[in-house]
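What you are looking at is a predicted structure, and each value in this text was computed from that prediction instead of being measured. Protein chains get the first letters and strands the later ones, always in sequence-line order, with residue 1 at the start of each.
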There are 2 protein chains.
Amino acid sequence: MNIIDESGILAISTRLQRLSEQLRKDGALVYKSYGIDFEPKWFPVIYTLYYKETLSVVEIANEIGYTHPSTISLLKELEKQKLIRSKKDKIDERKRLIQLTSKGRELIEQMKPVWEVMKTALTQITDNQNNLLRAIEEAENKISHQSFLQRALQLKSEEK
Amino acid sequence: MNIIDESGILAISTRLQRLSEQLRKDGALVYKSYGIDFEPKWFPVIYTLYYKETLSVVEIANEIGYTHPSTISLLKELEKQKLIRSKKDKIDERKRLIQLTSKGRELIEQMKPVWEVMKTALTQITDNQNNLLRAIEEAENKISHQSFLQRALQLKSEEK
DNA sequence: TTTATTTATGTATTTAACTACGTAGTTTTG
DNA sequence: CAAAACTACGTAGTTAAATACATAAATAAA
């Protein structure tokens, strides 16, 4: 084992990132192995639109937890792939309403069995004595009550 | 709850990344609140050199799990901060041996109490019914035996 | 002992996110 | 209802990682 893994909790951010990157990269290869032209980074947008039908740019950004500029660049790629289309909101002219195209919906049907395989493989990997997904949820929940920064500042002040 | 969080395991890569980013950002602010000029991304290099004393570029890259070009750019920043220095290996002229400077070692002493506070705060956040760090270790371990890709391909072939 | 292969490092470019900033509609307020 | 504040979207530039490529030194092989 290397020093970073031994450092434990202090390097947790690095390790989260590394794990995320590994899964994302393999995810891309799984789609490819099925002959599907789809990038894992598109998943949040596509999946959200599949359930919500029509959303504005900022609404999508909020759903997927990205900033709106990042979301715009994803939307541009998806529009180029003809998986989504957009039209102006007639009531609020500032808004651009995004929807899946029929090509997008077809692709989703094609991906569903792939998603099932991925789910199974990911469950194999993450469902152990400690369930990674549950662990993430629990940590997110803790942070939502009091952030890492707030906790650290409080400990600092108590220390004095 | 939003759609992405509901999608569960499929969006796990996105969520790992998001959590990592949050912790990294708050980490930066914690150092700042102590008046310490230190970026969280430097931690893996500094921490590794603290325990290993002298390492080459590629050795550091392997320890911290980054590619060597990424490591080189971190080393450049750290050299600019005068936290590390490097010299040619006399035996193998290709190698550049990296060490902490005395300024680097002093900074580490200054950071130690901050690291203790961080550890406590991070433990509060991550030690729940499912311990996040243990969950990561368990997942990494599973992957090391058989990757996400290999598992998915196997499930795919079994399916047919 | 040349030649081929491998290893260590470095540079250039790409990628996927971000922040900062600007503009144009919409809503609220005095 | 005009001015101020807010919201939605877009662009530009930055950042932190990666990949791809290049070079030089060391090692192995013919």
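- Atom NZ in A/K76 sits about 15 Å away from atom P in C/dT15, given to the nearest Å.
- Note: CZ (A/R18) to P (D/dA17) measures 12 Å, nearest angstrom.
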Are any protein N/O atoms closer than 3.5 Å to N/O atoms in nucleotides 6-8 of chain D? If there are, list each pair with its distance.
residue, atom, partner, partner atom, Å
D/dT7, O2, A/R94, NH1, 2.6

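- B/I46 is not connected to B/V58 by any chain of hydrophobic side-chain contacts under 4.5 Å among Ile, Leu, Val, Met, Phe, Trp and Tyr, and they are in different clusters.
- Under a 4.0 Å N-O distance rule, the pair A/E79/A/K76 does not qualify as a salt bridge.
- Taking the charged nitrogens against the carboxylate oxygens, A/K80 and A/E77 have no contact shorter than 4.0 Å, which rules out a salt bridge.
- Regarding contacts with the backbone of D/dA18, a side-chain N or O of B/T67 is found under 4.0 angstrom from either OP1 or OP2.
- Sequence order on DNA chain C of the closest nucleotides to B/L75 and A/E77 puts B/L75 first from the 5' end.
- Heavy atoms of other residues, nucleotides or ligands lying less than 6.0 angstrom from CD of B/Q146 number more than 12.
- Judged purely by distance below 3.5 Å, without hydrogens or angles, the side chains of B/S13 and A/R24 never pair a donor atom with an acceptor atom.
- For B/K90, the NZ atom sits in a loose shell: 12 or fewer heavy atoms of surrounding residues, nucleotides or ligands are nearer than 6.0 Å.
- Nucleotide C/dT7 holds its P atom 18 Å from the CD1 atom of B/I91, rounded to whole Å.
- A straight line from CG of A/D89 to C1' of C/dT26 spans 12 Å, rounded to a whole angstrom.
- Taking side-chain N and O atoms only, A/Y66 has no distance below 4.0 Å to OP1 or OP2 of C/dC18.
- When rounded to the nearest whole Å, the span between CD1 of A/I98 and C1' of D/dC9 equals 10 Å.
- Enclosure of atom NZ in B/K103 by more than 12 non-hydrogen atoms of other residues, nucleotides or ligands within 6.0 angstrom is indicated.
- Listed by residue number, the members of residues 26-55 of chain B with any heavy atom below 4.0 angstrom from DNA chain C form an empty set.
- The interatomic distance linking B/I72 (CD1) with D/dA20 (P) rounds to 17 Å, in whole Å.
- At whole-Å resolution of the value, CD in B/Q22 and P in C/dA17 are 16 Å apart.
- Here C/dT15 presents its C1' atom at 12 Å from NZ of A/K25, a figure rounded to the nearest Å.
- By the 6.0 Å contact criterion, CD on A/E109 is enclosed, its count of non-hydrogen atoms from other residues, nucleotides or ligands being greater than 12.
- Here the side chain of B/H68 is nearest to one of C/dA17, D/dA18, C/dT9, namely C/dT9.
- A salt bridge does not link B/E21 with B/R18: none of the charged nitrogens is closer than 4.0 Å to a carboxylate oxygen.
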